[in-house]
Amino acid sequence: READLFVGNAGTVARFLTAALCLQWNGKYRLDGTEAMRGRPMRELLDLLEALGARVNYEKKKGHFPFTIETSGLKGGEWIVDAATSSQILSAMLMVAPLADGDVTVVLDGETVSKPFVRMTMETCNQFMGGTTLFRHEGSRYETVDVQAYSRETSTYSVEPDATAASYFLALPCAVNGSCQVSGVKLDGLQGDAAFSQVLENMGLSVRFTSTGVEVSKQGNVVGGNFDFNAISDTFLTLAALAPILEGQTKITGIAHTRKQETDRVYAMANELRKLGQEVDETEDSITVTPNRDKLLEAANKGVEIDTYEDHRVAMSFGILGSADPLGDGRPWLAIRNPRCCGKTFPGFFDELERLRLLSLAPS
């Protein structure tokens, strides 16, 4: 009933755990995170939880970590959710709604971002109710059935491979030619980020889904273009990092909310791409990269060090770009500072990248 909890820099943990704790009667929890987490949006979630009976005491800035939350269960009724800054706020409330005291109607106030994650939340919750449909969804309203607990008839549950992590290896042929296969990724799976494969296809790569996964091959020129990444924003960094070696300009929109994630991701990508001599324009909601091959070669000859801003996706995205050979002689040309930040979601990322490099050098 009492605990001191540290959420690190994980937005999913921060939102999902905070909402789940509020199901407890007479609970008292102090929550904190990293400096970066202290700047991420929590106010909309915490305001709603207070309206539903929780008491929140902020140690510093209102609506931000660190805080202490005193909980007394969640009452049913109509919950108005503002998830404009993060779909995780809506997902958090949908997950706890069936366990509230009475039936709940969750009403989304306005719009949200990364909508495929909301669908994934509902479908996964249903899988833990033996086929019972917990949610009736129409427009901005989500009606939930009151239940006692989540459960499964079998003792095992198969978790899909991480489609976001897969995006790096699916994009690898852009940098090194050839092809790459990723097992377990399905276009009709729960995760919206599998749609990144369609972006690659639009760029000119060959994408083939099979019964075991997906294979991406480079067979000719790969071109940039205009892409809306609002629904799959975690993967925009992968495309942005590769923009210097694509044909033509690359414009990515729908990413304003990523400025309030592990770091300001739009700024971070723009800043690091400029180190490579690229022309980068950014707005609040977009980044446009005009490739400059001469400047890229000039930077590669000197060697480039990429700052990661403690953001795993910055590190992994530039890891794929660094696999390219712009100098044509196999020399390493791009270094990544603090690669261990990948430990948040993919501790073995660079080991896997090295394994593939050695595999490509082995006699066929």
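- Looking only at atom types and distance, the side chain of Tyr29 has no donor-acceptor partner in the side chain of Asp4 under 3.5 Å away.
- Remark: side-chain polar atoms of Lys60 are not paired, donor with acceptor, to backbone N or O of Pro66 under 3.5 angstrom.
- Put simply, the residue from Asp162, Thr238, Thr235 that forms a side-chain hydrogen bond (donor to acceptor under 3.5 Å, both in side chains) with Ser167 is Thr238.
- The ring pair (Phe, Tyr, Trp, His ring centres under 6.0 Å) check on Phe196 picks up nothing, with sequence neighbours excluded.
- With hydrogens and angles ignored, the 3.5 Å screen pairs a side-chain donor or acceptor of Thr283 with a backbone N or O of Ser286.
- Using cut-offs of 30° and 60° on the angle between ring planes, the pair Phe236 and Phe229 is perpendicular.
- Counting all heavy atoms, side chain and backbone alike, Ala194 lies closest to Ala163 at N-CB, 3.8 Å.
- A donor-acceptor pair shorter than 3.5 Å cannot be found between the side chains of Thr112 and Ser87.
- Thr290 has its side chain out of reach of Gln278: every pair of non-hydrogen atoms, C-beta onward, lies at least 4.5 Å apart.
- Side-chain contact between Gln191 and Glu160 is present, with at least one heavy-atom pair separated by less than 4.5 Å.
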Show your working on side chain to side chain contact (heavy atoms under 4.5 Å, CB included) between Thr121 and Met95 and close with a plain yes or no. CA-CA 7 Å; Thr121 299; Met95 281 191 283; 3.6 Å; yes

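- The closest side-chain heavy-atom distance from Phe209 to Ser197 is below 4.5 Å.
- Considering every non-hydrogen atom in both Pro41 and Thr85, the closest pair reads CB-OG1, 3.6 Å.
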Does Arg40 form a side chain to side chain contact (heavy atoms under 4.5 Å, CB included) with Lys260? I'd like the steps, not just the answer. CA-CA 6 Å; Arg40 297 180 69 177; Lys260 296 180 180 179; 5.8 Å; no

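- Side-chain N or O atoms of Ser72 include none that pairs as donor or acceptor with a backbone N or O of Trp25 at under 3.5 Å.
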After noting the C-alpha distance and the side-chain angles of Lys295 and Glu279, does the key distance pass the salt bridge (charged side-chain N to carboxylate O under 4.0 Å, His left out) rule? CA-CA 10 Å; Lys295 292 287 187 180; Glu279 181 183 328; over 6 Å; no

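- For Glu50, the side chain to side chain contact (heavy atoms under 4.5 Å, CB included) partners at least two apart in sequence or on another chain are Asp47, Val56, Tyr58, Lys62.
- Under the 4.5 Å side-chain criterion, counting only non-hydrogen atoms from C-beta, Thr144 is not in contact with Thr105.
- Within a 6.0 Å sphere centred on CZ of Phe6, heavy atoms belonging to other residues, nucleotides or ligands number more than 12.
- Note: Phe169 and Phe346 have tilted aromatic rings, judged against thresholds of 30 and 60 degrees for the angle between ring planes.
- Looking at Asp285, its side chain never comes within 3.5 Å of a backbone N or O of Thr253 through a donor-acceptor pair.
- Inter-residue side-chain proximity for Ile287 and Ile255 is flagged as met; some heavy-atom pair is nearer than 4.5 Å.
- Under a 4.0 Å N-O distance rule, the pair Glu282/Arg259 qualifies as a salt bridge.
- The closest donor-acceptor contact from the side chain of Asn301 to the backbone of Leu297 lies under 3.5 Å.
- The pair Lys186-Asp188 does not meet the salt-bridge criterion, since no charged nitrogen lies less than 4.0 angstrom from a carboxylate oxygen.
- Taking the side chain as every heavy atom from C-beta outward, Leu17 and Leu5 approach each other to under 4.5 Å.
- Defined by atom type and a distance below 3.5 Å, a donor-acceptor pair is present between the side-chain atoms of Ser233 and His257.
- Side-chain contact between Val104 and Glu78: absent, with no pair of heavy atoms (C-beta onward) separated by less than 4.5 Å.
- For the atom pair CG (Leu74) and CG (Leu99), the distance works out to 9.0 Å, reported to the nearest 0.5 Å.
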Derivation of the side chain to side chain contact (heavy atoms under 4.5 Å, CB included) call for Ser323 and Leu353: CA-CA 9 Å; Ser323 300; Leu353 204 54; 3.7 Å; yes

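- Side-chain contact annotation: Asp193 with Thr164, donor-acceptor N/O pair under 3.5 Å present.
- Evaluation of the salt bridge (charged side-chain N to carboxylate O under 4.0 Å, His left out) rule for Glu138 yields no partner, not counting sequence neighbours.
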Assess the residue pair Met93 and Leu45 against the criterion (side chain to side chain contact (heavy atoms under 4.5 Å, CB included)); give the C-alpha distance rounded to whole Å, side-chain angles, the decisive distance to 0.1 Å, and a yes or no. CA-CA 8 Å; Met93 298 311 296; Leu45 175 65; 3.6 Å; yes

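- Considering every non-hydrogen atom in both Thr288 and Lys251, the closest pair reads OG1-CG, 3.3 Å.
- With salt bridges taken as basic N to acidic carboxylate O contacts below 4.0 Å, one links Arg208 and Glu215.
- Between Asp307 and Lys275, at least one side-chain N (NZ, or NE/NH1/NH2) sits under 4.0 Å from a carboxylate O, which counts as a salt bridge.
- Geometric assessment of Arg38 against the ring of Phe65 yields a negative cation-pi assignment under the 6.0 Å and 45° thresholds.
- Interatomic distance, CD of Glu2 versus CG of Asn26, reported as 10.0 Å (0.5 Å rounding).
- At least one donor-acceptor pair under 3.5 Å links the side chain of Asn230 to the backbone N or O of Gly254.
- Here Leu172 contributes atom CG and Lys218 contributes atom NZ; the two are 11.0 Å apart, rounded to the nearest 0.5 Å.
- At distances below 3.5 Å, at least one donor-acceptor pair connects side-chain atoms of Asp82 with backbone N or O atoms of Ala84.
- Ser86 places a side-chain N or O within donor-acceptor distance of the main-chain N or O of Gln88, the cut-off being under 3.5 Å.
- Judged by distance alone, with hydrogens and angles left aside, the side-chain atoms of Arg331 form no donor-acceptor pair with the main-chain N or O of Ala300 at under 3.5 Å.
- Atom OG1 of Thr345 is separated from atom CE of Met316 by 4.0 Å, given to the nearest 0.5 angstrom.
- The pair Glu310-Arg340 does not meet the salt-bridge criterion, since no charged nitrogen lies less than 4.0 angstrom from a carboxylate oxygen.
- The local environment of CZ in Arg55 is sparse, with at most 12 non-hydrogen atoms from other residues, nucleotides or ligands closer than 6.0 Å.
- Between Tyr168 and Ser317 the shortest heavy-atom distance is CE2-OG, 3.6 Å.
- Side chains of Thr212 and Thr210: a donor on one and an acceptor on the other come within 3.5 Å.
- Residue Phe16 is tested with Thr18, Thr12, Val13 for a side chain to side chain contact (heavy atoms under 4.5 Å, CB included); the sole match is Thr12.
- With rounding to the nearest 0.5 Å, the separation of CD in Glu305 from CD in Glu272 is 10.5 Å.
- Atom CZ of Arg136 is surrounded by 12 or fewer heavy atoms from other residues, nucleotides or ligands within 6.0 Å.
- Contact annotation: the side chain of Thr124 approaches that of Tyr157 to within less than 4.5 Å [non-hydrogen atoms, C-beta and beyond].
- Under the 3.5 Å distance criterion, the side-chain polar atoms of His312 are left unmatched by any main-chain donor or acceptor of Val314.
- Annotation: the span from Ile245 atom CD1 to Leu242 atom CG amounts to 5.0 Å, rounded to 0.5 Å.
- For the pair Arg265 and Asp234, the salt-bridge criterion is met [side-chain N within less than 4.0 Å of a carboxylate O].
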